J.: 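What follows is a structure written as structure tokens; I'll ask about it next.
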Number of protein chains: 2
Amino acid sequence: MINATADERNVTTPMAGRSSSLAAAEGKALAPRRTRNKPEERHKEFVRKAIELFAEVGFEAGTRELAQRLGVTQPLLYRYFPSKDDLIAAVYQEIYVNRWKPQWREGLLDESRPIRERIVAFYEDYAGTIFTPEWIRIYLFAGLRGVDINRRYATTVEEQILRPITLATRTSFGLGGGEPPTPEEVELFWTLQGGIFYYGVREIVYRFPMPVDRPTMIRNAVDTFLTGVGPVLKRLAERGDAPA
Amino acid sequence: MINATADERNVTTPMAGRSSSLAAAEGKALAPRRTRNKPEERHKEFVRKAIELFAEVGFEAGTRELAQRLGVTQPLLYRYFPSKDDLIAAVYQEIYVNRWKPQWREGLLDESRPIRERIVAFYEDYAGTIFTPEWIRIYLFAGLRGVDINRRYATTVEEQILRPITLATRTSFGLGGGEPPTPEEVELFWTLQGGIFYYGVREIVYRFPMPVDRPTMIRNAVDTFLTGVGPVLKRLAERGDAPA
DNA sequence: GATGTTATTTATCGAACGATAATTAAATAA
DNA sequence: TTATTTAATTATCGTTCGATAAATAACATC
């Protein structure tokens with residue numbers, strides 16, 4: 001199922017550039033290169049490559065494969081991360097915490113610009129951030145694994161993005177004052193969010209041919225949504241969530 | 001990571017109901033139960049349980065775990081499936097081919113009912129079919145694995161569902177004749193499809209609390225979409241896909 | 001009841017996995 | 001230069017995995 005390139009069999013190989021000195025010409029074992037790096041840089045380097053590998057294969061990717069890509073031996077990983085799960089946790093932190101931009105929320109709340117412009121600008125920047133194999137694939141791997149990364153991230157999206165959008169949209173339609181959005185209202189905006197997110201899943205995970213480019217898709221989706229959401233918001237506000 | 005319940009150590013155990021006769025009271029090895037089933041039933045039974053297991057754990061679920069749940073020994077699986085991948089293929093067939101309903105397309109094309117009613121009815125039935133852990137989780141597992149199940153399924157969705165919906169909607173708005181839908185038009189309906197699908201992902205994969213029930217979500221999403229899509233379709237039709 | 005077929009189990013192989021202990025050598029300080 | 005520290009490697013353990021070969025026992029046929 002995996003390569004195992006016959007070059008180096010079962011034994012753990014150091015590798016990464018045979019010692020440029022023509023040292024061991026005997027052909028047996030090449031002198032292993034041993035470059036000593038600062039722990040801080042190594043830590044970052046390990047996480048960076050781990051993101052790459054996990055995005056490709058998933059979390060069942062072997063630590064030996066990761067070490068090989070880094071040009072180090074497998075046990076070295078355990079000097080920097082007590083266990084594989086700790087490495088995975090560092091990956092989560094890097095992607096889903098460090099890449100979150102507070103200006104997303106701020107931009108959406110900037111009432112000096114029309115609501116459509118704010119929403120389109122947000123989704124263009126948001127798509128530019130998360131429509132990468134690392135972000136989307138690892139996000140789905142994590143979700144299927146059952147870690148609560150996704151629940152927590154979805155909570156953040158709802159609080160920092162969807163509720164502000166909902167309120168701003170309601171305001172722009174002259175509906176309701178400052179009451180918090182109802183679940184039905186927020187759910188409406190989840191549908192838009194999910195529709196745009198799923199564009200990325202089709203493109204990056206399924207590798208489905210995407211004849212419509214991102215900005216066009218976003219513009220049309222937001223236009224359709226904003227045109228249609230007015231009456232629905234009005235209806236929801238009028239009957240105060242009473243069922244038909 | 002897995003249980004390994006101390007009861008049965010490394011050795012492959014037959015199991016499944018100790019022989020109800022109080023046979024081996026010596027405590028050592030229980031007489032293994034050997035019931036002989038018809039190959040046809042076994043095949044179905046294996047696929048059924050495999051779906052259950054793969055939905056929980058993913059395709060890296062062990063064949064031993066599957067055998068244990070079936071109450072048989074692990075090598076028996078290889079009498080019915082040449083390899084694990086063949087078992088997985090049977091799982092795909094069962095879920096994504098056998099569960100497809102041709103009446104979805106037919107119902108969407110039934111011009112005797114209003115377009116909104118057709119679309120809402122379709123999504124309610126569609127959600128009832130695919131919003132299960134087996135369907136959604138295995139679908140995402142397959143997508144991340146790189147098999148082309150998802151590309152093929154998405155093609156079917158586009159051809160059997162989204163293009164009919166697009167044409168029917170265009171007709172109901174009095175726009176365009178029988179020309180095939182443009183990619184931009186189809187992409188609009190992909191956004192609705194993705195938005196609704198992602199509701200299922202949040203509910204079933206992320207286990208996000210869902211305060212709005214499915215029928216309400218579907219009704220509001222379709223209402224918003226159908227209200228807003230008219231002007232956008234009109235704009236797309238008028239300028240013949242020329243960029244702004 | 002004897003015989004033949006085959007569903008099922010027992011036993012086992014080789015590879016890959018996560019992780020640990022002991023050893024080696026590169027950088028730093030004396 | 002020599003001594004100290006520790007980054008990095010070598011070697012290896014115990015498990016689990018997918019898969020195969022051989023032995024066994026349940027059912028069908030005569």
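In what follows, every chain begins at residue 1, and chains take the letters A, B, ... in the order their sequences are listed. Every value quoted in this text rests on a predicted model; they were computed, and no experiment measured them.
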J.: CG of A/L70 versus P of D/dA8: gap in Å, rounded?
T.: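 Going from A/L70 (CG) to D/dA8 (P), I get 11 Å.
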J.: Separation of B/Y80 atom OH from D/dG18 atom P, in whole Å?
T.: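 The distance from OH of B/Y80 to P of D/dG18 comes to 19 Å, rounded to the nearest Å.
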J.: For C/dT8, does OP1 or OP2 lie under 4.0 Å from any side-chain N or O of B/R42?
T.: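 Yes.
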J.: Could you check how far CD of A/Q74 sits from P of D/dA7, rounded to whole Å?
T.: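 Atom-to-atom, A/Q74 to D/dA7, this comes out as 18 Å.
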J.: Check the distance between D/dT10's P and A/Q68's CD and give it to me in whole angstrom.
T.: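 These atoms are roughly 14 Å apart.
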J.: In whole Å, I'd like the distance from the CG atom of A/D86 to the P atom of C/dT20.
T.: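 Taking atom P of C/dT20 as the reference, CG of A/D86 is at 11 Å.
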J.: Of the listed nucleotides (C/dT10, C/dT12, C/dG18), which one gets closest to any side-chain atom of B/P75?
T.: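 Closest of the options to the side chain of B/P75: C/dT10.
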J.: How close or far is atom C1' of D/dG18 from atom NZ of B/K84, stated in whole angstroms?
T.: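 It works out to 8 Å between those atoms.
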J.: For D/dG18, does OP1 or OP2 lie under 4.0 Å from any side-chain N or O of B/T63?
T.: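 True: B/T63 side-chain N/O within range (under 4.0 Å) of D/dG18 OP1/OP2.
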J.: Is it the case that more than 12 heavy atoms not belonging to B/E40 sit under 6.0 Å from its CD atom?
T.: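 Count not over threshold, so no.
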J.: Please tell me whether A/Y92 and A/Y139 have a donor and an acceptor in their side chains that are separated by less than 3.5 angstrom.
T.: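 The criterion, which ignores hydrogens and geometry beyond distance, is not satisfied for A/Y139 and A/Y92.
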J.: Less than 3.5 Å apart, any donor N or O on the side chain of B/Q193 or B/Y123 sitting next to an acceptor on the other?
T.: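 Distance-only check passes for B/Q193 and B/Y123.
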J.: Taking atom types as modelled and ignoring hydrogens, do the side chains of B/Y199 and A/E187 form a donor-acceptor contact shorter than 3.5 angstrom?
T.: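 Judged by distance alone, the side chains do not pair up.
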J.: In this structure, how many angstroms lie between the P atom of C/dA19 and the CG atom of A/D85, rounded?
T.: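 Atom-to-atom, A/D85 to C/dA19, this comes out as 7 Å.
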J.: Rounded off to whole Å, could you give me the CZ-to-P distance for the B/R64 and C/dT10 pair?
T.: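 From B/R64 CZ to C/dT10 P: 14 Å.
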